[in-house]
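Both backbone and side-chain heavy atoms feed into the values below; hydrogens, waters and symmetry mates do not.
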Amino acid sequence: MFFAWCKFAAAALCLCMGLIFMVLAVFGVNRFHQALNRMHAAAMGDTLGILFIFAGLMIIRGFSLDSLKLFLVILFFWMASPVSGHMISRLEAMTDEHLGEIQIIDGMDRENEKAQNEAAEGDGKG
């Protein structure tokens with residue numbers, strides 16, 4: 001009986017961890033502005049979320065043919081996801097001409113930058 005509860009607790013912990021990683025990936029994809037950052041958040045959610053969810057399902061099923069199939073699915077995702085992510089990132093790097101530019105998001109930084117530009121223009125005139 002104690003072993004069954006330990007098995008249930010381990011499976012529930014793995015499933016919850018997988019769910020947390022998937023939810024964080026959704027927030028990361030929605031929060032980030034650039035395609036490479038979004039892709040990184042989605043890839044981490046894919047690999048870690050699927051790993052923990054399928055590990056939880058494997059713990060629930062025990063040692064069986066079903067758990068072997070789930071393990072093979074994990075291996076497939078862990079081999080296919082980095083390759084596809086790398087291909088997409090190479091395509092983005094080749095087609096985005098603004099990839100190396102730094103975006104200033106904070107409003108205070110913009111005001112400071114304007115003040116520095118005005119001061120630099122004033123020094124150049126005098």
Side-chain angles (χ1 to χ4, degrees):
M1 184 70 169
F2 179 73
F3 178 71
W5 280 104
C6 289
K7 183 177 167 181
F8 175 74
L13 181 68
C14 285
L15 289 172
C16 288
M17 288 293 294
L19 183 65
I20 288 170
F21 278 113
M22 291 288 196
V23 168
L24 287 176
V26 168
F27 284 122
V29 168
N30 287 326
R31 181 185 175 275
F32 294 130
H33 298 289
Q34 295 180 349
L36 293 177
N37 295 339
R38 288 180 176 190
M39 187 188 63
H40 177 70
M44 294 309 289
D46 263 357
T47 54
L48 292 175
I50 287 174
L51 168 72
F52 282 114
I53 287 174
F54 283 2
L57 293 175
M58 288 169 59
I59 292 171
I60 289 172
R61 291 298 295 171
F63 186 71
S64 67
L65 190 60
D66 293 334
S67 60
L68 177 65
K69 290 177 188 178
L70 289 170
F71 180 72
L72 292 175
V73 170
I74 289 172
L75 285 181
F76 172 75
F77 271 107
W78 274 37
M79 292 170 78
S81 182
V83 172
S84 62
H86 180 72
M87 290 173 57
I88 293 170
S89 65
R90 281 187 71 187
L91 176 69
E92 177 67 20
M94 288 190 297
T95 58
D96 189 7
E97 63 259 1
H98 302 294
L99 187 64
E101 294 179 6
I102 297 174
Q103 288 182 337
I104 299 173
I105 297 173
D106 190 19
M108 292 299 292
D109 288 338
R110 289 182 186 158
E111 292 175 8
N112 291 338
E113 185 179 339
K114 286 180 186 178
Q116 287 176 356
N117 288 340
E118 289 172 0
E121 289 175 5
D123 291 342
K125 292 180 181 177

Are [X] and [Y] connected in the hydrophobic side-chain network, where two residues link if heavy atoms are under 4.5 Å apart?
| X | Y | result |
| --- | --- | --- |
| Phe71 | Leu51 | yes |
| Leu70 | Ile50 | yes |
| Met44 | Phe52 | yes |
| Phe27 | Leu48 | no |
| Val73 | Leu57 | yes |

TODO: Return each pair, listed once, that meets salt bridge (charged side-chain N to carboxylate O under 4.0 Å, His left out) where at least one residue sits in residues 62-86; pairs must be two or more places apart or across chains.
DONE: Arg61-Asp66
- [ ] Can you tell me which residue pairs pass the salt bridge (charged side-chain N to carboxylate O under 4.0 Å, His left out) test with a partner in residues 36-48, sequence neighbours excluded?
- [x]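 Residue pairs with at least one partner in residues 36-48: there are none.
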- [ ] With sequence neighbours left out, write down each residue that passes ring-ring contact (aromatic ring centres under 6.0 Å, His included) with Phe54, or none if nothing qualifies.
- [x]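 ring-ring contact (aromatic ring centres under 6.0 Å, His included) list for Phe54, sorted by chain: empty.
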Using a 3.5 Å cut-off and no angle test, enumerate the donor-acceptor pairs between side-chain atoms of residues 2-23 and protein atoms at least two apart in sequence or in another chain.
none

TODO: Please list, chain by chain and in numerical order, all residues satisfying side-chain contact (heavy atoms from CB on, under 4.5 Å) with Val29, sequence neighbours excluded.
DONE: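 For Val29 the side-chain contact (heavy atoms from CB on, under 4.5 Å) partners, ignoring immediate neighbours, are Ala41, Ala42.
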Anything under 3.5 Å between a donor and an acceptor, one on a side chain of residues 77-88, the other on a protein residue two or more places apart or in another chain? List them.
from  : atom 1 : to    : atom 2 : distance (Å)
Trp78 : NE1    : Thr47 : O      : 3.3
Ser84 : OG     : Ala80 : O      : 3.1
Ser84 : OG     : Ser81 : O      : 3.1

Task: Atom pair CD1/CD1 of Ile74 and Ile53 - distance to nearest 0.5 Å - done: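 Result: 10.5 Å between the selected atoms.
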Task: Arg31 side, atom CZ; Leu24 side, atom CG - distance, nearest 0.5 Å - done: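 The distance works out to 12.0 Å.
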- [ ] Taking Ser67 for its side chain and Phe63 for its backbone only, find out whether a donor-acceptor pair lies under 3.5 Å.
- [x] no
